[in-house]
Amino acid sequence: MEPGFLQLSTPSATHCHLHPLVMFQVLDHHTRRNDETGRVVGALLGSANADGSVAIRNSFPMNHDDVTHQDFGLFFNTMEALHQKVNAREHVVGWYTTTKSTDDDKDEVGEEDVALHSFFEEKVGEKHACVLVRVDCNIQRASKLGVSAFTSSNMSLRSDKTAPELVLGKCFSRVTCHIRAYEAERIGVDFITHNTIGQGGGEVLGTDLEKLESSMHKLMMMIDQSIQHVDDVLDGNVEADTKVGRALAETIAMVPEMSAAEFDTSFSKGLQDILMVQYLAAVTQAQISFWQKLQSMGA
Amino acid sequence: MTEPMYGVATAGTRLDCVQIDGLVVLKIIKHCRDEGNPSVMISGQLLGMDITLEGTTTLEVTSCFPMPHSSEEDQSGEEMESYATEMLRCMREVNVDNNTVGWYQSSYMNSWLDPERPTVATQFQFQDTVPKSVCLVYDPVRTSTGSVHLKAYRLTDRFMAKYKQHLESNEHGFTEQDIRPKFDYSGKCLDEGVTIEDIFEEVPIRIHNSTLVNAMLYDWACEGTMGAKMHCDFERLDLSTRPFLEKSMELMLDGIENLRQDQERSEYRKRDAERKRKDYRRNAREEPSKDELMKLFPDPSRLEGLLIANQVSSYCNSVANFSGLSFNKLYLIKELQENPK
């Protein structure tokens, strides 16, 4: 036999952005798993960007972790159709799985995952690679939740350039995976973090004034930290970093320079605006009360 | 310690707290953001279970799903229904709680109270079939200023009873007679009537996560995964007041105008009904009883007026809240300006 060459097609996805919601969904699904299966599988939804990165914004759970189960395909189609109705811009970009508690510490794709991957690969289509995200939920053993992402590429053998390729199998390669959130989502995660873990966790939500106070405390803390840093640099304890220096200079430049008189006018203007609208609101409130009284007195 | 009881709440029990899963908060935020335009209303259903433990009843909201947009009015009803049933079936297969416990909707500048929105009708339907259901209201615009604005509301029992009458009497409830408090001759209150404060009640909210999610959050908090911005909620310190004040004023003026128009309309209708009653009595062969007359030509319903008044009143309240907070901020900055450290 002629010596052929081994061909490995390069994966088209370079890295992926995972949104926090997906992590919440995966973990929630994992806590609801059936005892006998021990792990869960689901589909990832999102879109592929032009630069080869894949944004994973949403997901839905699957009812089985076995692709050969008769309901598997049907359930997938139903769920996909339901999600398409709400947001037609999101498509299937891959799938997720969690680890069983009996799994070893291995950090690679298992044999049973190959069939599943082929199933989802078909659903994703040719446009971009199918991403597999694996979440390691064995927090008793590991020190942190491990999230790893993989894409697969075909490994094939060709005897020469024109000969048809002989697919030998799939080669899974790891891609980088970052958690990324948009503004509202970041605020959402921040809000959840503050209200569930650490101090005051699980308490009924506080008032606006308390929130304002906590923001002020944080601001003070950050200013103190910056002053500390500048002092350290001046004393020569810490080496100066131009990046940090520039950022600090920019921040200081943003503080408007105004005279006391200027400040006074803008302060009283702001105050008057608020007072006027507050007064108007009180008048309106009074009008409503009158209206209500008139209703209940009758003509 | 007594055992917690699940799903035992009835129409009579008080709901003390709503416990929402972090997942639900994020899903609502995402649904709203996908829509893009904050003035378009989005809605979805909440899934969960109520729990009674030592006399306090908590409603646990553990999951939710978005409802698709109803673009074509004529065919939406049936399609929505089949969408929801199908979704619930799928949720059950993956072991998610599949009891509907209410719904969520987006709101922009208190627009959820707009009488043109189906808020009252929908919430009535939910509360009528599932007594413990709530309506979660999420404001994406106020959230973008730094803290998630999410509130849970329910219709009060008193309003529920009146609204039931209203529907049963072919939308002729909420007449002036109905919303007026009634007393017997000794001055004892027979019927407290309805005021705008009696329409909705707010239920306190608590956020909850599974242990796994908490572990992940700790991880993220330690590593700063969400970026350095994780610990900054300085949007709250924003000093600009003008956009909010202008918008509120506009809405208050509109609201008062609507209220005036509604008042005129209902006065006209009332006179009309009175005239018709008089005519009928004159032409009738035998003297009709007063009840009979009222049934044939009822007074106009004041529900619309009540809802408008409630909306305007909510604008006033949010202005009061906002200005209070802005005063604090203004004096804070004044103090900083005069006594720099």
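Every chain is numbered from 1 and lettered A, B, ... according to where its sequence line falls, protein lines coming before strand lines. Keep in mind that this is a model prediction, so the values were computed, not measured.
- The CD1 atom of B:Ile29 lies 7.5 Å from the OH atom of A:Tyr182; values are rounded to the nearest 0.5 Å.
- With rounding to the nearest 0.5 Å, the separation of CD1 in B:Ile207 from CZ in A:Phe191 is 4.0 Å.
- With respect to chain A, the highest number of heavy-atom pairs below 4.5 Å among B:Arg33, B:Glu93, B:Met252 belongs to B:Arg33.
- The structure places CE of A:Met23 at 6.0 Å from CH2 of B:Trp220, a figure rounded to the nearest 0.5 Å.
- At a 4.5 Å heavy-atom cutoff, the contact between B:Tyr331 and chain A is made by backbone and side-chain atoms alike.
- Heavy atoms closer than 4.5 Å to chain A are found nowhere in B:Glu267, neither backbone nor side chain.
- With a threshold of 4.5 angstrom between heavy atoms, B:Asn310 does not approach chain A through any atom at all.
- With a threshold of 4.5 angstrom between heavy atoms, B:Ser210 approaches chain A through side-chain atoms but not through N, CA, C or O.
- Contacts between B:Ser63 and chain A at a heavy-atom distance below 4.5 Å are absent for every atom of the residue.
- In this structure, the portions of A:Gln285 lying under 4.5 Å from any heavy atom of chain B include both its backbone and its side chain.
- For B:Val94, the parts lying under 4.5 angstrom from a heavy atom of chain A are both the backbone and the side chain.
- Annotation: the span from A:Asp28 atom CG to B:Lys27 atom NZ amounts to 8.0 Å, rounded to 0.5 Å.
- Proximity to chain A involves both the backbone and the side chain of B:Leu23, based on heavy atoms less than 4.5 angstrom apart.
- Chosen from A:Val277, A:Leu82, A:Asp264, A:Ile288, the residue pairing most often with chain B at heavy-atom distances under 4.5 Å is A:Leu82.
- Per-residue counts of heavy-atom pairs under 4.5 Å with chain B were compared for A:Thr31, A:Leu280, A:Asp273, A:Leu271; the largest is that of A:Leu271.
- The closest donor-acceptor contact from the side chain of A:Arg57 to the backbone of B:Lys30 lies at 3.5 Å or more, if one exists at all.
- Looking only at heavy-atom pairs under 4.5 Å with chain B, the residue among A:Phe60, A:Phe75, A:Phe263 that has the most is A:Phe263.
- When heavy atoms are compared at a cutoff of 4.5 Å, A:Asn63 approaches chain B by way of both its backbone and its side chain.
- Heavy atoms of B:Met249 lying under 4.5 Å from chain A belong exclusively to its side chain.
- Looking at B:Val319, the atoms closer than 4.5 Å to chain A (heavy atoms on both sides) all sit in the side chain, from C-beta outward.
- Between chain B and the residues A:Val40, A:Asn87, A:Leu21, the largest count of heavy-atom pairs under 4.5 Å involves A:Leu21.
- Of the two parts of B:Asn328, only the side chain, counted from C-beta on, holds a non-hydrogen atom closer than 4.5 Å to a non-hydrogen atom of chain A.
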Audit row: A:Lys85, B:Glu86, salt bridge (charged side-chain N to carboxylate O under 4.0 Å, His left out) steps and yes/no: CA-CA 12 Å; A:Lys85 271 188 194 165; B:Glu86 192 75 343; over 6 Å; no
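- Among A:His30, A:His83, A:Glu90, the residue making the largest number of heavy-atom pairs under 4.5 Å with chain B is A:Glu90.
- Contacts between B:Leu306 and chain A at a heavy-atom distance below 4.5 Å involve backbone atoms as well as side-chain atoms.
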